[in-house]
Colleague: 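This structure is in structure tokens; I'll ask about it shortly.
Values reported hereafter were calculated over all heavy atoms of this structure, with side chains retained and with hydrogens, waters and symmetry mates removed.
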Amino acid sequence: INEEEEEDMVDPLETIRTKCEQTEHCVHYKERLEACETRVGSKSNTTEECTEELFDFLHARDHCVAHKLFHIVK
């Protein structure tokens, strides 16, 4: 594989993650995460870190990815 072909290659996992992030279930968690990040970013002194929102989003996305990836690998 030359460098040009390598640049054109797309990781199927990234493609599936992107599709999963657009599902209604994941969009809900992504919106909560973004709202938290905005809230935290607007404060100069806060201990809030959005960890729970990030984990909820990643869990929802990875749950979707696992189902879609399983069908591709089979």
Colleague: In terms of heavy-atom contacts, does CD of Glu49 have more than 12 from other residues, nucleotides or ligands at under 6.0 Å?
Modeller: no
Colleague: Quick check: closest heavy atoms across Asp11 and Leu13, and the distance to 0.1 Å?
Modeller: OD1-N, 3.0 Å
Colleague: Measure the OH-CD distance between Tyr29 and Glu52 for me, rounded to the nearest 0.5 Å.
Modeller: 10.0 Å
Colleague: Rounded to the nearest 0.5 Å, what separates atom NE2 in His63 from atom NZ in Lys68?
Modeller: 11.0 Å
Colleague: Going by heavy atoms in the side chains, are Asp56 and Arg32 under 4.5 Å from each other?
Modeller: yes
Colleague: Same cluster or not: are Leu58 and Val65 linked, directly or through other Ile, Leu, Val, Met, Phe, Trp or Tyr residues, by side-chain heavy atoms under 4.5 angstrom apart?
Modeller: no
Colleague: Distance from Cys64 atom SG to Gln22 atom CD, nearest 0.5 Å?
Modeller: 10.0 Å
Colleague: Is Lys43 close to Glu48 at the side-chain level, that is, under 4.5 Å between some pair of heavy atoms?
Modeller: yes
Colleague: Tell me, with the steps shown, if Glu34 and Glu53 meet side-chain contact (heavy atoms from CB on, under 4.5 Å).
Modeller: CA-CA 9 Å; Glu34 289 171 350; Glu53 291 82 355; over 6 Å; no
Colleague: With distance as the sole test, does Thr23 use its side chain to make a donor-acceptor pair with the main-chain N or O of Cys20 at under 3.5 Å?
Modeller: yes
Colleague: Search all heavy atoms of Phe57 against all heavy atoms of Glu21 and return the closest pair with its distance.
Modeller: CZ-CG, 3.6 Å
Colleague: Could you measure the distance from the CZ atom of Arg17 to the CG atom of Leu69? Nearest 0.5 Å is fine.
Modeller: 9.5 Å
Colleague: Search all heavy atoms of His25 against all heavy atoms of Ala60 and return the closest pair with its distance.
Modeller: CD2-CB, 3.6 Å
